[in-house]
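Numbers for residues simply follow the sequence, beginning at 1.
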Amino acid sequence: MESAPLPAFTPSSSHLGTVVDLFCGAGGLAHGFRLEGFKVAAGIDVDERCRYAFEHNNKAPFIRKDIASMEAKELAELFPANQPSILVGCAPCQPFSTYNQKNEDPNYTLVGKYGNLITAVKPDIVSMENVPRLLDFKGGEIFRSFVSKLKKDGYKVWHDVVYAPDYGVPQRRKRLVLLASRYGAIELEGPSHTADAYLTVADAIGELAPLDAGQIDATDPLHRASALSPLNMRRIIASKPGGTWHDWDKDLRAACHVAESGHGYRSVYGRMKSDEPSPTITTQFYGFGNGRFGHPTQHRALSLREGAILQSFPPSYAFHAPGERIHFTRLGRLIGNAVPVKLSRAIARSIKTHLGASNVWVSNSN
């Protein structure tokens with residue numbers, strides 16, 4: 001028996017389709033869709049600390065919910081019947097990280113849960129973003145099963161590892177992006193930037209007010225830098241952009257690095273280069289000793305605002321309520337775990353182009 005034809009829709013005057021964002025975090029993925037003209041119906045995440053950032057910036061409700069216990073009916077009710085339904089999400093990537101060598105985190109099952117919800121709800125378009133290592137995790141079994149489930153449900157699937165600077169993100173970040181559609185073949189749009197024109201650290205944060213370590217900008221409370229101990233101040237002064245702790249005098253080196261077992265840890269206590277994209281922004285980018293997150297010219301680590309801008313959040317994106325106490329650890333997690341907004345916009349534009357090419361829209365006069 002042939003399946004019923006997929007419906008065509010009359011485009012709204014205010015948006016192109018309805019998006020629900022699973023594992024939404026601070027809203028980086030949803031925000032790209034909002035900026036490209038889609039309606040964000042809701043963001044869903046188990047972490048209550050995401051609520052303000054998601055709701056304030058995306059003008060959509062945040063639903064605190066463990067995706068593992070979510071019922072298909074709850075999700076389906078978020079999509080109106082008269083617009084294309086678009087389900088996006090980034091299952092927690094920590095289980096697939098190279099830092100999680102034991103791979104015992106039960107969160108890896110959330111990719112399978114995401115697939116089960118898709119099977120039950122059958123949104124018109126699906127997108128997933130994750131770390132490239134998901135392709136190899138457990139021999140690729142988790143990802144292959146996810147793709148197979150989509151194909152059995154009638155989706156055409158595209159996926160690839162995407163380099164964020166190709167899409168205007170000033171950060172050397174690689175991500176696995178998947179797009180799937182019930183309307184036919186779909187793929188991510190081509191790069192907007194070439195290697196000789198990547199946005200750099202200086203392009204992104206070079207105009208922000210200078211800060212000392214431990215200082216807060218009077219006009220933007222998120223533009224604050226963590227304090228440095230006297231030893232770490234000596235270390236950052238001795239650090240060269242793009243260099244490592246091997247450049248320091250021996251009396252500045254940490255004992256764990258001097259030991260034979262520590263010689264391979266070169267990607268800590270480093271300064272970024274002004275004329276290149278930044279290293280991948282992690283959840284601890286605000287700490288000088290946590291990676292190559294030293295400011296290229298100022299003696300401090302990145303501020304919270306600088307990390308957010310390198311994640312391509314708009315400079316005005318609010319991560320905390322007015323007057324709320326700011327915690328580096330909490331906001332560092334929200335920022336570092338986010339999907340870069342400019343990459344999200346490329347995903348959203350690709351879906352917009354696909355819907356148009358698939359003749360999903362009908363004229364208002366019909």
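- Without hydrogens or angle criteria, Ser312 side chain to Lys342 main chain gives a donor-acceptor distance under 3.5 Å.
- With hydrogens and angles ignored, the 3.5 Å screen pairs no side-chain donor or acceptor of Ser181 with any backbone N or O of Ile125.
- Note on ring orientation: taking the six-membered ring where Trp is involved, the planes of Phe33 and Phe38 are perpendicular (angle over 60°, cut-offs 30° and 60°).
- Proximity of a side-chain donor or acceptor of Asp217 to a complementary backbone N or O of Thr219 within less than 3.5 Å is detected.
- Under the 6.0 Å cut-off for aromatic ring centres, Tyr269 and Phe288 qualify, their centroids lying closer than that.
- A donor-acceptor pair under 3.5 Å links the side-chain atoms of Arg51 to the main chain of Phe62, judged by distance alone.
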>> side-chain contact (heavy atoms from CB on, under 4.5 Å) for Val88 and Glu129? Distances and angles first, verdict last.
In response: CA-CA 8 Å; Val88 303; Glu129 190 261 12; over 6 Å; no
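- Salt-bridge check for Arg300 with Glu306: passed, with a basic side-chain N closer than 4.0 Å to an acidic carboxylate O.
- Between the side chains of Arg173 and Gln311, at least one donor-acceptor pair of N or O atoms lies under 3.5 Å.
- Using a 4.0 Å cut-off between a side-chain N of Lys or Arg and a carboxylate O of Asp or Glu, Lys273 and Asp275 do not qualify as a salt bridge.
- The number of heavy atoms from other shown groups lying within 6.0 Å of CD (Glu207) does not exceed 12.
- Side-chain atoms of Asp247 never come within 3.5 Å of backbone atoms of Gly243 as a donor-acceptor pair (strictly under, hydrogens ignored).
- Under 3.5 Å, the side chains of Asp153 and Thr119 contain a donor-acceptor pair of N or O atoms.
- For the residue pair Tyr198/Asp166, the side-chain donor-acceptor check at 3.5 Å is satisfied.
- At distances below 3.5 Å, not a single donor-acceptor pair connects side-chain atoms of His327 with backbone N or O atoms of Thr329.
- Between the side chains of His354 and Arg349, no donor-acceptor pair of N or O atoms lies under 3.5 Å.
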>> Arg34 vs Lys59, test: side-chain contact (heavy atoms from CB on, under 4.5 Å). Steps then yes/no.
In response: CA-CA 9 Å; Arg34 185 171 187 270; Lys59 312 306 178 189; 3.1 Å; yes
>> Run Arg271 and His299 through side-chain hydrogen bond (donor to acceptor under 3.5 Å, both in side chains) and show every step you take.
In response: CA-CA 9 Å; Arg271 280 191 191 267; His299 298 325; 2.6 Å; yes
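- Using modelled atom types, one finds no donor on one side chain facing an acceptor on the other under 3.5 Å when comparing Ser69 with Asp66.
- The CD1 atom of Ile142 lies 12.5 Å from the CG atom of Asp136; values are rounded to the nearest 0.5 Å.
- For the pair Ser85 (side chain) and Phe79 (backbone), a donor-acceptor distance under 3.5 Å is absent.
- For the pair Val121 and Leu87, the minimum side-chain heavy-atom distance is 4.5 Å or more.
- Smallest separation of non-hydrogen atoms from Leu199 and Gly168: CD1-O, 3.2 Å.
- Judged by distance alone, the side chain of Arg224 and the main-chain N or O of Pro221 form a donor-acceptor pair under 3.5 Å.
- The environment of Lys156 atom NZ is sparse: at most 12 non-hydrogen atoms of other residues, nucleotides or ligands sit within 6.0 angstrom.
- Judged by distance alone, the side chains of Asn337 and Thr283 never bring a donor and an acceptor atom under 3.5 Å apart.
- The two residues Asp45 and Gly25 come nearest to each other via the heavy atoms OD2-N, 3.0 Å.
- Between the CZ atom in Phe23 and the CD1 atom in Ile67 there is a gap of 5.0 Å [rounded to 0.5 Å].
- Here CG of Leu16 is found 8.0 Å from CD1 of Ile86. Values are rounded to the nearest 0.5 Å.
- Residues Tyr317 and His31 bring their aromatic ring centres within 6.0 Å.
- Side-chain contact between Thr18 and Leu78: absent, with no pair of heavy atoms (C-beta onward) separated by less than 4.5 Å.
- Of the possible donor and acceptor atoms, none in the side chain of Gln171 sits under 3.5 Å from a partner among the backbone N and O of Ala164.
- For Glu71, the CD atom is loosely surrounded, since the number of other residues' heavy atoms within 6.0 Å does not exceed 12.
- Two rings, from Phe319 and Phe313, have their centers less than 6.0 Å apart.
- No more than 12 heavy atoms of other residues, nucleotides or ligands lie within 6.0 Å of CD in Glu141, so this atom counts as exposed by the packing criterion.
- A salt bridge is defined here as a Lys NZ or Arg NE, NH1 or NH2 lying under 4.0 Å from an Asp or Glu carboxylate O, and Glu324 with Arg49 fails to meet this definition.
- The backbone N or O of Ala91 sits less than 3.5 Å from a side-chain atom of Asn130, completing a donor-acceptor pair.
- Residues Cys90 and Val339 come closest through the heavy atom pair CB-CG2, 4.4 Å.
- Centroid-to-centroid, the aromatic rings of Phe143 and Phe137 stay 6.0 Å apart or farther.
- Residues Asp160 and Trp158 approach most closely at CB-CZ2, 3.5 Å, considering heavy atoms.
- Ala301 and Ala225 get closest at one heavy-atom pair: O-CB, 4.1 Å.
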